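What follows is a set of notes on a single structure, which appears directly below.
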Amino acid sequence: MNAYKFAQQVDIVHQRASELNTQAHSSSLPPSPLLQESLEELNTALEELHVAEEELCQQNEELLATRQALELERKRYQELFDFAPDAYLVTDIEGKILEANRTAANLFKISPKFLKGKLLVNFIPENQRRAFRCLLSQLRNLEQIQDWEIHMQTREKLAFEAAISIATIRDEEGNPRGWRWLVRDITIRKQIEEQLRAMHLQNLQLQEATKLKSHFLAMMSHELRTPMNVILGFSQLLLRPQYNHFSPQARSMVERIVSSARHLLALIEDILDFSKLEAGRLELKLEEFNLAELVTTVTEELHCLAEQKKLTLHVHVQLQNPIVVNDSNRVRQILINLLSNAIKFTDMGSVTVEARELTQDRIALVVKDTGIGIAEADLQQIFQEFRQVDQFLTRKHSGTGLGLSIVDKLVRLMNGAIAVNSKLGEGSTFSVQLPRTVAE
Ligand code: ADP
């Protein structure tokens, strides 16, 4: 009986009691003490009933409020369940769907009300159903399975790949009663994985091709170097006085053979170095040497080149301790490349070489010129192999576009860094930082 009905009943009893009371008082018969006592007891009982009724009403209101709160909470959970990013399903032991959220209905492209009661196996492609049933029978002995990847299908038999996690629902005795399924569509993830795999394979093939190319270049350069050295050697011999019976015209021809052979040999050396560096096969021959002496010698060697172009060549060596551990030939190569570029791309003004200590362990080599400079957009490219800022201009100056790429790779191999600062028409500054002692 609810509180309202109870209150009505109490009122009826109360009314009946007052009537009895009135009748007893209006009767001409003398009042019986027993009746009097009974009436008083009835009144007391009625009072108590009133109190109980009020308490019941209060409890009733509290119950109503709790029920409303519970309903709100249930709705909230239902929404969370429905709008969860993954599909959630509850099935019985035969795989019949008892509960499913909206995401599940969307995933299988079916209206939620039709999903309930369906067998989950309906959403497995036919050729995989046997394996799925087999899994269902194995499931009875397991507590849970995580991230099992299977093929599933929508109601219209559109296949997709899914990752599922399953947890067993058990009754109080521990017997399996059903399963909770979490199903996630991983088709896109799988596609990305496949693309990544293909890219990785492509990358490996590219690396292999690069290795082959470097090997081929190294072999070719080596094969070319030998006859080139012979041509250079014999043509230089021809210029010696004891063989020199040539007319001035013939001598000039031999001189051109020598200079072209030198040029070609330098190119071959560059290609050889580049391919070795690219294949990671170039090893530094570390030794202790005097860097100040090396900088001065290299500058002297290139002095006549600068002089030919009427450029002033400055050298500033400010090394408190000039002894370094590095590959002297390779440091020489770096300096020659930077210096000859500076001279090559400067028509007026000066070229300056600087060597100084940055810290006790780091040394800076700086080559500065007042030449044509490099536009900001081209600065990133000049260290890339075969890159020349202005092909036409560079044709005028000759070169392969390998010099800076070799310098960059060598500096890195030495654990150093290279930077360039330049403005078109205002000259360039190439700064190389090297450790005083290059690690083995
Ligand atoms: P290259 O054999 O063409 O000199 P490098 O790799 O040494 O090849 O240089 C790449 C390009 O960078 C050059 O072609 C030139 O355009 C630009 N460059 C290099 N050094 C300088 C410099 N000191 N001043 C202006 N441009 C330079």
Side-chain angles (χ1 to χ4, degrees), residues 214 217 221 224 228 259-278 282 295 298-299 301-303 305-316 329-355 364-414 416-433:
S214 300
L217 278 177
S221 310
L224 286 172
M228 204 36 109
S259 94
S260 293
R262 275 207 193 109
H263 185 68
L264 213 54
L265 200 59
L267 289 184
I268 293 168
E269 296 288 354
D270 269 2
I271 295 174
L272 192 62
D273 280 348
F274 173 76
S275 47
K276 270 193 199 159
L277 279 163
E278 207 183 35
L282 192 133
V295 174
V298 169
T299 320
E301 280 170 17
L302 294 185
H303 204 267
L305 264 185
E307 228 171 36
Q308 280 169 15
K309 294 185 79 179
K310 299 199 172 47
L311 301 172
T312 332
L313 191 56
H314 302 290
V315 198
H316 298 300
N329 276 328
R330 296 299 173 184
V331 176
R332 208 181 128 78
Q333 190 176 3
I334 294 173
L335 258 179
I336 290 181
N337 262 310
L338 295 181
L339 251 176
S340 48
N341 269 351
I343 297 170
K344 191 159 70 172
F345 294 105
T346 306
D347 291 330
M348 237 171 34
S350 62
V351 172
T352 311
V353 190
E354 241 181 76
L365 292 174
V366 181
V367 177
K368 207 171 177 172
D369 64 59
T370 56
I372 58 169
I374 304 160
E376 205 179 328
D378 297 321
L379 280 178
Q380 297 301 317
Q381 300 181 4
I382 56 169
F383 292 105
Q384 290 171 15
E385 52 270 19
F386 310 113
R387 285 294 178 143
Q388 295 174 320
V389 170
D390 183 332
Q391 308 275 343
F392 172 74
L393 199 72
T394 326
R395 282 293 139 261
K396 178 181 138 197
H397 294 292
S398 82
T400 51
L402 275 179
L404 282 182
S405 164
I406 291 174
V407 168
D408 181 48
K409 286 187 167 58
L410 278 176
V411 169
R412 276 179 213 225
L413 193 64
M414 293 170 180
I418 184 164
V420 55
N421 207 327
S422 186
K423 248 191 179 168
L424 209 56
E426 290 182 23
S428 319
T429 306
F430 285 81
S431 315
V432 174
Q433 270 192 37

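Values in this document were obtained by computation on a predicted structure and should not be read as measured data. Atoms within each ligand, like the ligands themselves, are counted from 1 in listed order. Note that these values count all heavy atoms, side chains included, but never hydrogens, waters or copies made by symmetry.
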(message) For ligand 1 and S405, I'd like to know whether there is a polar contact (N/O to N/O, distance under 3.5 Å).
(response) no
(message) Using a 3.5 Å cut-off on N or O atoms only, is F430 in polar contact with ligand 1?
(response)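 No.
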Heavy-atom pairs closer than 4.0 Å: do any link ligand 1 to the side chain of [X], the backbone, both, or neither?
| X | result |
| --- | --- |
| F383 | neither |
| I374 | side chain |
| N337 | neither |

Could you tell me, atom by atom, which parts of ligand 1 come under 4.0 Å of a heavy atom of [X]?
| X | result |
| --- | --- |
| L404 | 5 (P), 6 (O), 7 (O), 9 (O), 12 (O), 19 (C) |
| K344 | 1 (P), 2 (O), 4 (O) |
| G403 | 5 (P), 6 (O), 7 (O) |

(request) Could you tell me whether a side-chain N or O of S275 sits under 3.5 Å from a main-chain N or O of L272, the two making a donor and an acceptor? (result)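 Flag set: sc S275 to bb L272 pair under 3.5 Å.
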(message) So does T370 get a backbone contact from the side chain of S350, meaning a donor-acceptor N/O pair under 3.5 Å?
(response) no
(request) Give a yes/no on ligand 1: does G371 have at least one heavy atom closer than 4.0 angstrom to it? (result)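 It does not, in that no heavy atom of G371 comes within the 4.0 Å cut-off of ligand 1.
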(message) Holding to side chain to side chain donor-acceptor pair (under 3.5 Å), I want the full list of residues that pass it with Q333, two or more places apart in sequence or in another chain.
(response) D273, R330
(message) Tell me whether the count of non-hydrogen atoms from other residues, nucleotides or ligands lying under 6.0 Å of NZ in K409 goes above 12.
(response) yes
(request) Would you name the heavy atoms of R332 and N329 that are closest together and state the gap between them? (result)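 R332 and N329 have their closest heavy atoms at CB-O, 3.2 Å.
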(message) Ignoring hydrogens and geometry beyond distance, is a side-chain donor-acceptor pair present between S428 and S422 at under 3.5 Å?
(response) yes
(message) Strictly by salt bridge (charged side-chain N to carboxylate O under 4.0 Å, His left out), give each pair with a member in residues 260-269 just once, sequence neighbours left out.
(response) R225-E269
